[in-house]
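These notes concern the structure reproduced below.
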Amino acid sequence: MNKVKIKFPDGNSREFEKGITAFQIAQSISERFAKEVLVAKVDGSVIDLCGKINNDTEIRFLTFNDDEGKEVYWHSSSHLMAHAIKSVYPEAKFGVGPAIDNGFYYDFDIKTKLSEEDILKIENKMHELSKENKTFERVELSKPEAIDFFEKQSDEYKLEILSELDESSETISIYNEGGFTDLCTGPHLPSTGKIKYVKLLGVSGSYWRGDENKKQLQRIYGVSFPKKKMLDEHLQKLEEAKKRDHRKLGKELDIFLLSGNVGSGLPIWLPKGTILRETLENYLREEQRKRGYEPVITPHIGNINLYKTSGHYPYYSDSQFPPLILEEGKDEYLLKPMNCPHHFQIYASKPRSYKDLPIRYTEFGTVYRYEQSGELTGLTRVRSFAIDDSHIFVRQDQLLDEICDVIDLIKQVFAVIGFKDFTTILSFRDDNTEKYGGDIKLWEKAQAELKEAAKRMKLTYVVEEGEAAFYGPKIDFVVKDVIGRKWQLGTVQVDYVMPERFDLEYTGNDGQKHRPVVIHRAPFGSMERFIGILIEHFGGEFPLWLAPTQAVIIPVSQNFINYSEQIVKDLKDKNIRVELDDRNEKVGYKIRDWELKKIPYMLILGEKEELSENISVRQHRKGDLGSFALSDFIDKITIEIKNKDYTIN
RNA sequence: GCUGACGUAGCUCAGUCGGUAGAGCACAUCCUUGGUAAGGAUGAGGUCACCGGUUCAAUCCCGGUCGUCAGCUCCA
């Protein structure tokens, strides 16, 4: 047979000469289409366009609009960047350079510490190389040939990767474009000329193989596009995102303060931020009350022995503030890094019956962790934070239902806020037994139960092994911040280990002592991180129920301050959070000011309003809504607050 | 913690190739009493992050510390 039958995504098929390249097939569709095409997908795997087709198959052509097409585009861009680096710094040795969610990076080892100007030089070089439009050529080698090749270049990192490849199961391939060769499985773009608009975004250090004991290489991040408009839009999006950054908005809207005089990573809640936080806390308190939780309050420090029992100390001493030592070895305290040991003391303070369970203690408990200085960012990673914590003590037969109820609560919290873009991760143990406490059989049980609960609650989740806490597996709810960093918010953790360590028990209906299981859970995760993300989620335009200031009264002139004060009083009586702007300024000036502060409603009061005993309402972003009777306005916003509406009209 | 960058008024930033600094906004006072995104005038505000060194002289150069930012690592 000299023909191959090719099936296309639209269901049609055609015959071609055997050995035809994917590119030629694309050309047969149209020259213009062939120009757009980057790679082809054949029988489920992505291949180079120069790949020959020798069997009957299905083919799909991928362009930059396909995720897999983008990935190849950015991967090839990273090769081109490496090429550019190599031509500016010939001694450069390369680590890895993959495509990532929004672009690509490459890790490499050179003596020069790169500056912004150096990056620009590399970027310009990339444009030059792209214009040469060299083809990417794939060459397959045996392992010894490949080792020989990279030894000649004394490319130690590539050799390390090679040494770990299994030659019997993997084809070793290298790609060459314009004299630059890299170890790579591909696939790649047909040629470098496809990479048209490149922006290198920054340089930083990164440990070889992600291991802090290994050498630190330099990493350049970049992004590239086939059209200028796409690059411009991307850069514009990055700029827009910066405006929503909670660190910027937190300052502008007087939500929180980070002061070096207090200490880094120790946020201070300003009056406006405190309203926001307490509103969220009260909402959760009310939900928890309905679900049978009991609030408790515990101290911020605890005897160090508590943490020796729990196993947190000394294994995590690196990430704790050092102990307060009153008498060496006898009287030492720790700023609490978590609330659980305190809550366990409450449980253990008297005998418990199986009839008492589940017991659900809850506390907005502030904990202190000595996070590495380089990790601190705004409110999302801090050294003191309040966990909306709860420890639920259950019997084995209650565990699954209880986990489901907790998931239900977390889902409800996220829905009320309007978080839709989150991922759920089942964090399980891996084979590294040293990292985890307790009996492996109990772990397997706990993991199975979490999985079962996730299924029952219809969560779409991924399993990540090795991400569990040392005392048990967990379900984490993860969201991204404005610059794409992922943060864990809500969490549910199943714990068979701590009850053992603290010797917790209850009397069963058989008269025997039994061990309860503990669920650690936090829907917000921490108030700090949650509100950090919340600020970015709303871009500072909080829904009415959360807005620290819900309405501002603006008298048209000083003559209407009396009337305004009367309206302020009426609104305050109805628990509306209202401010009076009695500054000696024009209306337009004040409106602009409060629009920038993103205040939901402004009430403009002048002669017209005073005579008719009405108010004029202006809504943030929407403008003038016209004249209302005060009582109608109060009714309207009371409903809006009660419903916790979050849609910005 | 590591690599790199940065730190000037409350905020956003300019500036000094070494001779102790400037704008806009905000703030205060006065004029103005104005109707849906900036009315006018005047004024006050800075140990140029901190500590050392070099120098006749340091905000500027050098070293250290602290803080911030990006990334890595870590995150009970």
Side-chain angles (χ1 to χ4, degrees), chain A residues 105 107 113-116 118-119 201-221 242 245 247-248 251-252 254 258-261 263-265 307 310-313 315-320 336-341 367 369-378 380-383 385 387 435-437 467-472 474 483 485 487-488 491 493 495 497-498 520 526 529 554-561 583-596 602-609 616-626:
Chain A
Y105 68 80
D107 286 349
K113 299 284 183 196
L114 295 183
S115 67
E116 299 284 316
D118 297 327
I119 302 281
L201 298 166
V203 62
S204 62
S206 84
Y207 299 107
W208 170 234
R209 312 222 107 178
D211 182 343
E212 63 180 321
N213 300 312
K214 294 202 163 120
K215 183 163 185 182
Q216 196 161 43
L217 309 179
Q218 296 190 71
R219 172 178 295 181
I220 298 179
Y221 283 91
K242 274 190 201 154
D245 192 312
R247 290 164 295 190
K248 181 175 155 66
K251 194 180 276 182
E252 284 173 9
D254 296 316
L258 285 163
S259 158
N261 294 331
S264 54
Y307 305 97
S310 72
H312 288 103
Y313 190 88
Y315 304 107
Y316 297 99
S317 53
D318 282 354
S319 43
Q320 287 163 186
K336 67 176 173 187
M338 72 289 305
N339 301 302
C340 27
V367 298
R369 301 181 185 178
Y370 192 79
E371 305 289 355
Q372 298 189 89
S373 58
E375 254 314 327
L376 303 171
T377 33
T380 45
R381 190 79 185 267
V382 288
R383 285 178 173 161
F385 56 97
I387 304 178
K435 273 164 66 182
Y436 310 103
E467 295 298 313
F470 82 95
Y471 51 76
K474 49 184 186 163
I483 43 183
R485 292 183 287 211
W487 299 100
Q488 179 199 308
T491 183
Q493 315 180 352
D495 180 5
V497 173
M498 298 280 194
H520 307 240
S526 86
R529 181 175 288 178
I554 301 178
V556 168
S557 80
Q558 305 279 297
N559 301 328
F560 308 103
I561 288 183
R583 290 176 299 175
N584 184 8
E585 295 290 350
K586 288 191 167 179
V587 181
Y589 177 91
K590 295 186 191 178
I591 286 173
R592 180 186 146 79
D593 224 30
W594 296 108
E595 281 288 342
L596 292 172
M602 292 176 224
L603 309 185
I604 321 289
L605 306 181
E607 192 175 14
K608 246 180 358 198
E609 289 73 19
S616 276
V617 179
R618 181 190 167 95
Q619 188 172 9
H620 176 56
R621 274 178 175 273
K622 282 186 91 176
D624 195 354
L625 299 187

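These numbers come from the heavy atoms of this one structure, side chains and all, not from hydrogens, waters or symmetry mates. Reminder, nothing fancy here: chain letters follow the sequence lines and each chain counts from 1.
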Without decimals, in angstroms, what is the distance between [X] [atom1] and [N] [atom2]?
| X | N | atom1 | atom2 | value |
| --- | --- | --- | --- | --- |
| A:L605 | B:G35 | CG | C1' | 11 Å |
| A:K113 | B:G4 | NZ | C1' | 8 Å |
| A:Q218 | B:A70 | CD | C1' | 14 Å |
| A:Q320 | B:C74 | CD | P | 18 Å |
| A:E585 | B:C25 | CD | P | 12 Å |
| A:L603 | B:G35 | CG | P | 18 Å |
| A:Q216 | B:G71 | CD | P | 14 Å |
| A:D245 | B:U68 | CG | P | 14 Å |

Taking C-beta and beyond as the side chain, do [X] and [Y] meet within less than 4.5 Å on heavy atoms?
| X | Y | result |
| --- | --- | --- |
| A:K242 | A:K248 | no |
| A:V367 | A:F385 | yes |
| A:R247 | A:T377 | yes |
| A:R485 | A:R381 | no |
| A:Q488 | A:R529 | yes |
| A:I604 | A:E609 | no |

- prompt: For A:H620 and A:W594, what are the C-alpha separation, side-chain angles and deciding distance, and is it a side-chain contact (heavy atoms from CB on, under 4.5 Å)?
  reply: CA-CA 9 Å; A:H620 176 56; A:W594 296 108; over 6 Å; no
Looking at [N], does its base get a donor-acceptor pair with the side chain of [X] below 3.5 Å?
| X | N | answer |
| --- | --- | --- |
| A:E609 | B:G35 | yes |
| A:E371 | B:C75 | no |
| A:R383 | B:C75 | no |
| A:N584 | B:G34 | yes |
| A:R381 | B:C75 | yes |
| A:Y207 | B:G1 | yes |

If we take the [atom1] atom in both [N] and [M], what is their distance in whole Å?
| N | M | atom1 | result |
| --- | --- | --- | --- |
| B:U55 | B:G63 | C1' | 16 Å |
| B:U33 | B:A14 | C1' | 37 Å |
| B:A9 | B:C74 | P | 37 Å |
| B:A58 | B:C17 | C1' | 14 Å |
| B:U32 | B:G40 | C1' | 8 Å |
| B:U47 | B:C31 | P | 33 Å |
| B:A26 | B:U65 | C1' | 32 Å |
| B:G7 | B:C50 | C1' | 11 Å |

Tell me whether the side-chain N/O atoms of [X] come closer than 4.0 Å to OP1 or OP2 in [N].
| X | N | answer |
| --- | --- | --- |
| A:Y221 | B:C72 | yes |
| A:R219 | B:G4 | no |
| A:Y589 | B:A26 | yes |
| A:S264 | B:G67 | yes |
| A:S373 | B:G1 | yes |

Among [options], which nucleotide has an atom closest to any side-chain atom of [X]?
| X | options | value |
| --- | --- | --- |
| A:K251 | B:A70, B:U12, B:U36 | B:U12 |
| A:R592 | B:U36, B:G71, B:A38 | B:A38 |
| A:Q372 | B:A37, B:C74, B:U33 | B:C74 |

From [X] atom [atom1] to [Y] atom [atom2], the distance as rounded to the nearest 0.5 Å:
| X | Y | atom1 | atom2 | answer |
| --- | --- | --- | --- | --- |
| A:Q619 | A:E595 | CD | CD | 9.5 Å |
| A:L114 | A:Q218 | CG | CD | 4.5 Å |
| A:K590 | A:M602 | NZ | CE | 12.0 Å |
| A:L603 | A:S616 | CG | OG | 9.0 Å |

- prompt: Nearest nucleotide by nearest heavy atom, which residue falls closer to the 5' end of RNA chain B, A:P337 or A:G265?
  reply: A:G265
message: Both A:V617 and A:R485 contact RNA chain B. Which one's nearest nucleotide lies toward the 5' end?
response: A:V617
message: Reading 5' to 3' and counting Watson-Crick or G-U wobble pairs with both distances under 3.5 Å, write the dot-bracket notation for RNA chain B, | for bases paired outside the strand.
response: (((((((..((((.....[..)))).(((((.......))))).....(((((..]....))))))))))))....
Please work out if [X] contacts a base, only the sugar-phosphate, or nothing of the nucleic acid, heavy-atom cut-off 4.0 Å.
| X | result |
| --- | --- |
| A:T377 | sugar-phosphate |
| A:E607 | base |
| A:G202 | nothing |
| A:K590 | nothing |
| A:S557 | base |
| A:R583 | sugar-phosphate |
| A:E467 | nothing |
| A:G606 | base |
| A:R247 | sugar-phosphate |
| A:V203 | nothing |
| A:L376 | sugar-phosphate |

task: Kindly check if the number of other-residue, nucleotide or ligand heavy atoms within 6.0 Å of CD (A:E607) is above 12?
output: no
- prompt: Taking O4'-C1'-N9-C4 for purines and O4'-C1'-N1-C2 for pyrimidines, is B:G45 syn (within 90° of 0) or anti?
  reply: syn
